[in-house]
Each structure stands twice: as structure tokens, then as C-alpha cells.
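What you see is a predicted model, and the numbers here were worked out from it, not measured in a lab.
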Amino acid sequence: MGDRKRQRDDSVHPHSSENIELSEEQNVSKGNDIISSLPGNVLHHILSFLSTKDAIRTSILSTKWEYLWTSISNIDLNDDTFPPTGKKEDRSFLDFVDRVVIFHDMSDIKSLSIKSSELVNPSRVNSWISDSMRHNIEELNLSLRLKAQPVLPCHLFTCQSLVTLKLCMNWTNWSLKVPSLTHFWNLKTLELSYATFSDDNSTQRLFSSCPMLQELALLNCGWENLKTMTICIPTLRRLTIENETRWTRDVLSCVTKIYAANLIHLRCISSLVVDFRLYDLSLLVEASIGLYNNYSAEDVTPQVLGLLSGVVNVKKLSITSDTIKCLMLVENLLDHLPTFYNMIHLELNLEFYGLCFGILIVLLEKSPKLEFLNFEKGFDRDNMEGYTLGRVPSCFTSSLKTVRIAYFDEDPEEMWFILFLLKNATVLERKAKSSV
């Protein structure tokens, strides 16, 4: 579009888009540049459907398009999508990020996402954060590898415009420093990855400073400095705690108390030696439980029973193979396991094998209203010994309607289980098989 095309000069600071004249000087009658003759707000709307990279590329179309990209409200910069060409004149991806953030006009930035595998100086990161805050940033997502220990700017912790904050600062033992003055007035989503919590007080200060928080995710964070972590957030709807780091047995001894009366989704997949205590989760709809330990399942068996008791009101429950191993160590499991009166969907997120069958029967007996049984990873055909008929759970004759078995190959052991179902699950409506 347009007769004249030229490469933009990065050495020239772009003007504000407010000063760009989007007149109708183009000769539309010749059919050369119909789009450019559209009003400015329409052109900006068109740019909103493009990736950040493609939006910036429009700057070479004509003089009218040269600086339109400086007002885009959603900026997504990922070095995977900006591969180097090998030319000497190419600047680094980080330099490119600098120019995009600095050259943005006076309009607001709704979201800024920066993901880079290059090593970044913390001072540079702080500049991006500060610049975005001057544009009333609502969603900030940083996934970076750092050259040194980051200390986030204090004014980030009092940013009133932030609605979503996701920080993945890949630096060994990144200690999250929470200022004494912290208040995220409008924050609804908080995700922290690879952050080490410095102490109980600062962690408590962080969570209590988010009166509107609805989603909280703690991914591969360090808990070694904590004795007690309290997550008391009445507005919280979704909570994810994932930590697959293998800690030594004596490093962690932490109690985590979760008060979230409006929580509907809980995902707790962790190797941490942490005593999770759940309070008043009466509205919980879905839970995924997976605790494991580097030494023996016996170490975390009490935690598994505690977690399962805390999610007793759940409607959908997903459990892992390590959780099953822990339950195998419990004598008289039927007496210790709570009854899931509301659960209608049970997902076994493991390759099911023969020795699990007894645990499954107990779980089913404790699920009197179960309708959907899902073997998400199918059967382990190399470890099928241990099947016994045992008792027939009450849900087989009252509620169980659908059984799904992934990766079904019609092996003898799988067929044995199918026959067991067909014989005993008298209200079964559907048996779903999947080879995917």
C-alpha cells in the first residue's frame, strides 16, 4: 500500500501518535491506499489484531503508518519470534525491547509481556517496569533470565492500575523483597515463579495486600526460609502451588494455612515437606492433588490425607501416582479416608497398575455419587499383577455412568477390567476408549 516505501530510521525518536495527521490526502480514486485513508481510530483497531512484531512492520508501508505502532496497547515481545538474521547491523532483542517501550507514545499500555532467554541486567528490567507504570499498565508479564539478583522497584508494589502480575525471574535463589508499604489495590491475578520467600512476615504482607485477588499461582518457589505461610484471601477463586524441586529432607518444615471461602479450583503438586492445612473450602469445585517425596512416600502420607480431607467438598478430583503410593501405606484406609459426598468426577492421573486396584475400590466406596471415572494415562501393561475382585462400590449400582480409558489397546488386563465393569456397574451408560 502506498507508492513510497522506506525503512524507518531507528535513530529518530518517533512523534506522539496524537500529532500524526491522518488526513485523506491519499489518492483513493486510484485504488492505491484505501486502508490508509481510514480514520485513525480504525487504523489503531486494525493494528490491535496483529502481533506486536507485525504491527511494528507496518511502519514501512507509508509515512502515515510509520509511527502508528507506538500507540498499540497490547505489547507481546518474545525472543523466540524475533530470531537473529546473522547480520552485523542487527541489534539484540533486548535493545529492540528498549526501543519499543521507550518510544511508546503517551497513550496507555494495557498489557506488556516480555519473554527472553538472553541474560538481562536487573536495572534494565526495572526501567521496563517503571516505563510501563507511567502508561497505567494493567497486565505485566515478565519471564527473564537475569545476570544478578533483582530488586524490584518499590513503586511496583503500590501500583494501582495493575490487574495481572506474572513474574518469572530465573535467577538462583531470587529472594523476593516485599517493601513495608505494599498494596495492590486492583490486582486480580498474581503468578510468581522461582522466587524465594524471604521470611514469614514479608510473605504474609504480600498476600494480605491484595484485597481483590482472584488467582494466585506459586510455581517452583523457594520455601526454605518459612515456618508458617498463611494465605488468607476471601476473594481467591483459583490457587495453584507447584514445586517439583527435590529438596533434602531437613530443609523444609513449613505449615501452610489456606483460608479461602470462595475458592473453586485448587491445584497442589509439590515435593515440599509442607503441612498443608485447608479451612472452609465449601465452594470448591475442582482439585488436583499430587504430593511426592524424594525419600519415601511415608514421609508425606499424613499430608496427603490432610489435603484430601480439606477438599472433601470437591466435585472433580484428580490424583497422581505418588498420591496413590502414599495411600497404599495407610492401614485400614477405608477408615481414614473422608467421604466425598459431592464428587461426581474422579481422574487418575497415572498409568494404572494392578496394585492400585485396591486403592481405587476404596476411593470409589468413598464416592457414593460418582458419575465419571477417568483413567487419564491408561494402564501400565508391564505391571498388572495384583488385581483382586474385592468389594463392589455402591456407586457402581447407583451413579457411575461413564468410564474413560486412555491409550486403550485391548490387552488381557484391560479386558479383564472392562468385564469387571460390565458385570458390576449396572447403571453404566458409556465406556469411552481412547488411543490418543
Kindly compute the distance separating [atom1] ([X]) from [atom2] ([Y]), expressed to the nearest 0.5 Å.
{"X": "H345", "Y": "S367", "atom1": "NE2", "atom2": "OG", "result": "11.5 Å"}
{"X": "I241", "Y": "F276", "atom1": "CD1", "atom2": "CZ", "result": "4.5 Å"}
{"X": "L373", "Y": "L400", "atom1": "CG", "atom2": "CG", "result": "6.0 Å"}
{"X": "I319", "Y": "L360", "atom1": "CD1", "atom2": "CG", "result": "8.5 Å"}
{"X": "I264", "Y": "E286", "atom1": "CD1", "atom2": "CD", "result": "9.0 Å"}

When you compare the side chain of [Y] with that of [X], does any pair of heavy atoms fall below 4.5 Å?
{"X": "C168", "Y": "Y194", "result": "yes"}
{"X": "W174", "Y": "L167", "result": "yes"}
{"X": "L206", "Y": "L192", "result": "yes"}
{"X": "P368", "Y": "T339", "result": "yes"}
{"X": "E224", "Y": "C254", "result": "no"}
{"X": "V97", "Y": "R124", "result": "no"}
{"X": "F197", "Y": "V178", "result": "no"}
{"X": "L94", "Y": "N121", "result": "no"}

Under-4.0 Å salt bridge between R205 and D199: no
Basic-acidic side-chain contact under 4.0 Å: D80, K115: no
Stepwise side-chain hydrogen bond (donor to acceptor under 3.5 Å, both in side chains) check, S270 with N243: CA-CA 5 Å; S270 179; N243 199 313; 5.7 Å; no
Can a donor-acceptor pair be found, under 3.5 Å and without considering hydrogens, that links the side chain of [X] to the backbone of [Y]?
{"X": "N186", "Y": "Q160", "value": "yes"}
{"X": "N262", "Y": "R237", "value": "no"}
{"X": "T235", "Y": "Q214", "value": "no"}
{"X": "R145", "Y": "L119", "value": "no"}
{"X": "S161", "Y": "I137", "value": "yes"}
{"X": "S132", "Y": "I129", "value": "yes"}
{"X": "S399", "Y": "L370", "value": "yes"}
{"X": "D79", "Y": "S117", "value": "yes"}
{"X": "N349", "Y": "S318", "value": "no"}
{"X": "N126", "Y": "V151", "value": "yes"}

Summary of ring pair (Phe, Tyr, Trp, His ring centres under 6.0 Å) pairs that have at least one residue in residues 116-157, sequence neighbours excluded: H104-H135, F157-F184
Under a plain distance cut-off of 3.5 Å, with no hydrogens placed, do [Y] and [X] share a side-chain donor-acceptor pair?
{"X": "D105", "Y": "S107", "value": "yes"}
{"X": "T323", "Y": "T320", "value": "yes"}
{"X": "D200", "Y": "T228", "value": "no"}

Neighbour count above 12 (heavy atom, 6.0 Å) for Y341 OH: no
Audit row: N374, R404, side-chain hydrogen bond (donor to acceptor under 3.5 Å, both in side chains) steps and yes/no: CA-CA 5 Å; N374 181 12; R404 175 182 178 269; 2.9 Å; yes
Plane angle bin for F352 and F375 - parallel if under 30°, tilted between 30 and 60°, otherwise perpendicular: perpendicular
Identified side-chain contact (heavy atoms from CB on, under 4.5 Å) partner of K366 from the options L334, I361, L308: L334
Among L278, L266, I233, side-chain contact (heavy atoms from CB on, under 4.5 Å) partner for L239: L266
